[in-house]
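Hydrogens, waters and symmetry mates play no part in the numbers below; they use all other heavy atoms, side chains included.
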Number of protein chains: 2
Amino acid sequence: MIKRVAIVEDDKGLREQLALVLKTAADVECVAAYGSAEEALKCIEAARPDVVLMDINLPRMSGIECVAKLKEIMPSVQIIILTVYEDSERIFHALRNGASGYLVKSSPPEKLLEAITDVTQGGSPMSTHIARKVVQHFHMVGPALEEEQYPLSPREQEVLELLAAGYIYKEIGDKLSIATETVRTYVKHICQKMHVKNKTEAVAKSNLTR
Amino acid sequence: MIKRVAIVEDDKGLREQLALVLKTAADVECVAAYGSAEEALKCIEAARPDVVLMDINLPRMSGIECVAKLKEIMPSVQIIILTVYEDSERIFHALRNGASGYLVKSSPPEKLLEAITDVTQGGSPMSTHIARKVVQHFHMVGPALEEEQYPLSPREQEVLELLAAGYIYKEIGDKLSIATETVRTYVKHICQKMHVKNKTEAVAKSNLTR
DNA sequence: ATCGAATCCGCATGGAAGTGCGGTTTGGAA
DNA sequence: TTCCAAACCGCACTTCCATGCGGATTCGAT
């Protein structure tokens with residue numbers, strides 16, 4: 001299956017260079033190349049790309065914003081960020097906006113083509129230094145969230161989740177096929193274990209958003 | 001510079017196979033191979049590895065736990081998880097515990113060796129499908145945190161925060177110097193604006209942890 | 001001048017939640 | 001075999017919350 005790829009990159013030289021790289025692969029077709037986010041947003045639907053290679057540093061609208069808007073009009077398109085920036089802020093923002101891959105511009109051509117294949121097969125190609133930034137994020141938030149972890153039993157965890165969804169004890173009992181009184185017991189235990197005053201604080205402290 | 005690598009893997013066959021792969025690289029030396037987490041924890045300091053290849057599915061103590069303990073006694077060691085499991089739970093847990101890389105066991109030898117190099121150079125090698133799981137985590141928490149904003153008034157926001165802290169209406173009223181009845185009114189408005197059933201769900205949806 | 005939003009307050013009523021006690025059974029760890 | 005955690009259930013009692021109604025003032029925008 002041939003992958004249809006579009007390029008969004010303001011530098012003409014780099015844009016053409018990327019197109020050349022794409023041409024060297026038999027299973028990749030470069031269906032479009034845009035010099036700005038605005039141009040891409042206007043025309044990209046007609047090009048029907050599977051994958052978009054997106055520069056971050058575009059004039060006016062940044063590539064990160066463009067990712068969000070692209071994902072709105074074409075939710076299934078896979079976006080790979082191509083950039084010289086390696087700061088966490090940009091990385092996280094881009095990923096949150098829906099990018100699936102993140103390569104530094106210095107990546108060799110074969111890595112780029114490999115990334116295009118990966119991303120169409122449900123992977124998330126990332127330059128290894130980018131990945132480290134992401135992993136560091138987990139090192140940061142992980143312990144912070146987890147040190148404060150309470151040894152809730154699986155059943156208690158379930159109850160807590162249903163509390164967070166706004167159900168009352170009777171409904172929770174029905175969903176779990178247990179008595180309302182039992183739910184009440186679990187909530188008591190949860191509040192004791194978490195050292196909180198009531199179920200609302202327990203839910204807040206547990207960070208459950210659904 | 002030669003990288004000193006240790007292996008923790010309970011399957012003897014796979015352990016020896018990994019050792020063989022390491023031997024094929026000129027810049028890698030296999031300094032130790034353990035069949036259990038306990039053995040590794042006891043002896044690994046003497047081996048002074050730069051990198052540890054860690055299986056997850058070990059008898060008794062899991063590789064994930066072992067990562068945490070290894071990082072305690074040797075904070076600078078780089079750990080690469082080798083596993084057949086691709087579920088987010090294990091991935092996040094391992095990363096939070098201090099793992100720097102995460103490869104599926106089916107990765108080809110050259111990827112493994114590349115990963116060892118990457119990890120010593122500050123990268124985070126990850127199988128592309130693993131990376132996708134991590135990226136999906138950002139897709140999940142990202143928009144949930146910043147797009148789904150409700151137009152709560154400042155006062156309503158304050159009340160919501162105090163709810164998350166577990167206070168009852170009377171206490172909130174006292175803190176804000178307003179009547180309990182007014183607090184009740186705010187909570188009504190909050191629940192209406194957020195389209196939730198009760199204050200507990202409102203708190204859950206608002207992601208307030210303090 | 002009128003409208004809406006934000007802030008503020010009150011009350012009645014039924015249902016929900018919290019507290020404190022009690023209990024059983026099962027299954028695994030010490 | 002003893003002990004404990006987990007899962008399960010019950011009741012009495014108090015307090016708290018949710019709902020639905022009503023009202024007030026202020027302040028900025030149309």
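By the 4.5 Å heavy-atom criterion applied to side chains, B:L176 and B:V159 are counted as neighbours. The shortest distance between side-chain heavy atoms of A:N97 and A:K71 does not fall below 4.5 Å. Looking only at side-chain heavy atoms (C-beta outward), A:E39 and A:K42 stay at 4.5 Å or farther from each other. Looking only at side-chain heavy atoms (C-beta outward), A:Y102 and A:T83 come within less than 4.5 Å of each other.
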Subject >> Stepwise side-chain contact (heavy atoms from CB on, under 4.5 Å) check, B:I7 with B:L22 >> reply: CA-CA 10 Å; B:I7 298 171; B:L22 297 185; 3.9 Å; yes
**OP:** Check the pair B:N198 / B:E201 against side-chain contact (heavy atoms from CB on, under 4.5 Å), numbers first and verdict last.
**Re:** CA-CA 6 Å; B:N198 52 40; B:E201 189 183 356; 3.6 Å; yes
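Across the protein-nucleic acid pair, A:K170 atom NZ and C:dG15 atom C1' stand 13 Å apart, rounded to whole Å. Rounded to whole Å, the distance from CD on B:E201 to C1' on C:dA16 is 16 Å.
Neither OP1 nor OP2 of C:dA5 sits under 4.0 Å from any side-chain N or O of B:K193.
Heavy-atom contacts of chain A under 4.0 Å fall on DNA chain D between two terminal nucleotides, which in 5' to 3' order are D:dA6 to D:dC11.
Within the structure, salt bridge (Lys or Arg N to Asp or Glu O under 4.0 Å) contacts touching residues 20-38 of chain B (residues at least two apart or in different chains) are B:K3-B:D27, B:E38-B:R60.
The rotation axes computed at either terminus of the helix from C:dA1-D:dT30 to C:dA29-D:dT2 lie 50° apart, taking five pairs at each end and rounding to 10 degrees.
Of the inter-residue distances, the one linking A:I116 atom CD1 with A:D50 atom CG reads 10.5 Å to the nearest 0.5 angstrom.
Checked by atom type, the side-chain pair B:S100/B:S124 shows no donor-acceptor distance below 3.5 Å.
At a threshold of 4.0 Å, the pair A:K69-A:E72 does not count as salt-bridged, since none of the basic side-chain nitrogens sits closer than that to a carboxylate oxygen. A salt bridge does not link A:R15 with A:D55: none of the charged nitrogens is closer than 4.0 Å to a carboxylate oxygen. Of the charged side-chain nitrogens involved, none lies within less than 4.0 Å of a carboxylate oxygen, so that A:E171 and B:K197 do not count as a salt-bridged pair.
For the contact set between residues 171-179 of chain A and DNA chain D, defined by any heavy atom under 4.0 Å, the members are A:I178, A:A179.
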Original post:
Base, backbone or nothing for each nucleotide of nucleotides 18-27 of chain C, written B, S, -, heavy atoms under 4.0 angstrom, 5' to 3'?
Top reply: BBBB------
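Qualifying side-chain hydrogen bond (donor to acceptor under 3.5 Å, both in side chains) partners for B:E16, counting only residues two or more places apart in sequence or in other chains: B:K12.
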